[in-house]
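Note that the structure is predicted; figures quoted are calculated from it, not measured. Whatever order the structure lists them in is the order used to number ligands and atoms, beginning at 1.
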Amino acid sequence: ATPTSIMVGTGRAAENGILFKGGEHLELTHALNAIVLDKTGTITKGKPEVTDFTGDNETLKLLASAEKGSEHPLAEAIVAYATEQDIELVEVESFTAIPGHGIEATISGYKIVVGNRKLMNDNQVNVNDVEQELIDFELIGKTAMLIAVNGAYRGTVAVADTIKESAPEAIRQLKEQGLEVIMLTGDNERTAQAIAKQVGIDQVIAQVLPEGKADKVKEIQNKGKKVAMVGDGVNDAPALATADIGIAIGTGTEVAIEAADVTILGGELLLLPKAIKISHATIKNIR
Ligand code: ADP
Ligand code: MG
């Protein structure tokens with residue numbers, strides 16, 4: 001590999017909004033045969049909105065007050081929804097985030113738990129009666145969160161996040177370039193499958209805990225693949241560092257950008273096949 005052609009290649013990439021931290025990453029990009037994409041904020045816009053809420057106003061007040069303490073995009077959506085309804089938020093006495101599952105808080109002596117089925121099970125909250133309702137939300141790609149107050153189910157809040165317009169075309173091009181395309185997410189299997197279907201991804205790894213994403217990348221590498229990981233979140237950072245090429249979404253967190261080898265500006269997914277194309281053109285010139 002001549003240093004000059006690598007420099008020309010990374011320069012061309014930069015002009016397009018693809019920032020390689022070093023020339024060696026451009027060479028490695030040429031060797032990739034699998035690409036793993038985080039769902040929220042990478043494939044989707046990462047701006048979820050509440051579409052359904054089945055509880056009463058008192059529950060909404062507790063729910064939003066509790067979520068105020070969380071930095072998760074799901075929490076922001078819930079707080080925005082409550083604010084639109086002129087719900088007044090109250091002080092919380094305690095707050096705990098349970099990564100990959102939800103949150104717990106104490107407010108005016110009430111214990112409120114918000115999150116997925118697993119979190120309800122762990123807290124002995126019976127949600128059997130709403131299982132079908134949950135499935136219906138998930139089948140259309142919504143993330144449904146269950147709400148319990150003092151150990152009893154009080155409602156469901158469903159949130160939807162739309163896919164980026166160019167995602168289907170970007171994924172089509174990546175497949176055409178011979179890459180295996182895989183979606184990786186902490187969200188539940190059904191919601192993940194619904195979003196995957198909208199963008200043309202047929203391999204989904206769902207319900208992965210934040211600390212488990214890097215292990216999943218390693219498993220794919222152990223099958224003999226050269227893997228790129230694309231992500232935006234703090235919880236994607238270990239997976240970005242583990243992958244042969246870590247690609248951060250420019251609109252994502254600083255932590256992800258630091259852990260990655262490449263950053264794509266503006267989160268434009270069409271820059272992914274573009275990066276592959278530039279690496280191929282560069283390496284071809286070298287040989
Ligand atoms: P993602 O990979 O989509 O960012 P996470 O691993 O952060 O997912 O979260 C997985 C699941 O945990 C969510 O789909 C949701 O059910 C639950 N969860 C996470 N954070 C919260 C929160 N602040 N409030 C309620 N539920 C949450
Ligand atoms: Mg994300």
Side-chain angles (χ1 to χ4, degrees), residues 36-48 50 53 55 59-60 62-82 92 95-105 112-123 125 127 134 137-138 141-148 154-161 163-164 167 183-196 204-214 216 229-240 246-253 255-257 259-260 267 269:
V36 178
L37 300 125
D38 159 61
K39 176 173 75 73
T40 310
T42 299
I43 293 172
T44 67
K45 290 177 181 163
K47 296 256 178 285
V50 171
F53 173 68
T59 305
L60 181 54
L62 293 173
L63 167 68
S65 300
E67 292 286 4
K68 185 92 182 137
S70 165
E71 271 156 25
H72 203 285
L74 292 171
E76 283 175 34
I78 292 168
V79 173
Y81 174 75
V92 304
F95 173 87
T96 319
I98 302 119
H101 295 113
I103 58 155
E104 289 176 11
I112 174 158
V113 180
V114 190
N116 59 16
R117 292 175 183 83
K118 168 88 171 37
L119 189 62
M120 294 300 132
N121 279 327
D122 292 349
N123 284 275
V125 180
V127 289
L134 285 189
F137 284 134
E138 291 165 355
K142 293 180 182 178
T143 300
M145 290 159 279
L146 300 149
I147 308 149
R154 292 283 291 272
T156 299
V157 59
V159 158
D161 192 5
I163 61 163
K164 293 179 182 170
M183 177 195 282
L184 183 60
T185 179
D187 211 342
N188 77 90
E189 178 79 29
R190 241 178 255 114
T191 305
Q193 289 286 359
I195 299 289
V204 173
I205 311 173
Q207 253 147 306
V208 181
L209 293 179
E211 65 271 22
K213 284 190 172 182
K216 293 296 172 190
M229 167 77 201
V230 192
D232 67 320
V234 174
N235 61 10
D236 296 319
L240 289 169
I247 305 174
I249 298 290
T251 50
T253 60
V255 182
I257 292 168
L269 295 182

* Neighbour count >12 (heavy atoms, 6.0 Å) for atom NZ, Lys45 -> yes
* Under 3.5 Å donor-acceptor, Asn123 side chain and Val125 backbone -> no
* **Partners passing salt bridge (charged side-chain N to carboxylate O under 4.0 Å, His left out) against Lys118 (at least two apart in sequence or in another chain)** => Asp122
* Asked: Salt bridge or not for Asp187 and Lys39, using N-O below 4.0 Å?
  -> yes
Hey, what polar pairs (N/O, under 3.5 Å) does ligand 1 make with protein?
{"residue": "ligand 1", "atom": "2 (O)", "partner": "Gly186", "partner atom": "N", "Å": "3.0"}
{"residue": "ligand 1", "atom": "3 (O)", "partner": "Thr40", "partner atom": "OG1", "Å": "3.0"}
{"residue": "ligand 1", "atom": "7 (O)", "partner": "His72", "partner atom": "NE2", "Å": "2.7"}
{"residue": "ligand 1", "atom": "12 (O)", "partner": "Gly100", "partner atom": "O", "Å": "3.1"}
{"residue": "ligand 1", "atom": "12 (O)", "partner": "His101", "partner atom": "N", "Å": "3.4"}
{"residue": "ligand 1", "atom": "14 (O)", "partner": "Asp187", "partner atom": "OD1", "Å": "3.2"}
{"residue": "ligand 1", "atom": "23 (N)", "partner": "Glu67", "partner atom": "OE1", "Å": "3.0"}
{"residue": "ligand 1", "atom": "23 (N)", "partner": "Ser70", "partner atom": "OG", "Å": "3.1"}
{"residue": "ligand 1", "atom": "24 (N)", "partner": "Glu67", "partner atom": "OE1", "Å": "3.3"}
{"residue": "ligand 1", "atom": "24 (N)", "partner": "Glu67", "partner atom": "OE2", "Å": "2.6"}

* **Min side-chain heavy-atom separation Leu146-Val114 under 4.5 Å** => no
* Have a look around the Mg ion (ligand 2) and list protein N/O/S atoms under 2.8 Å, or say none. => Asp38 OD2, Thr40 O, Asp232 OD1
* Test item: Phe53 and Ile78 side chains (from C-beta on) under 4.5 Å apart, heavy atoms -> no
* Asked: Is the backbone N or O of Gly41 less than 3.5 Å from a side-chain atom of Thr44, with the two atoms forming a donor-acceptor pair by type?
  -> yes
* Asked: Are the side chains of Ile43 and Ile195 in touch, meaning some heavy atoms are under 4.5 Å apart?
  -> yes
* Structure fact -> salt bridge (charged side-chain N to carboxylate O under 4.0 Å, His left out) filter on Glu76, not counting sequence neighbours, yields none
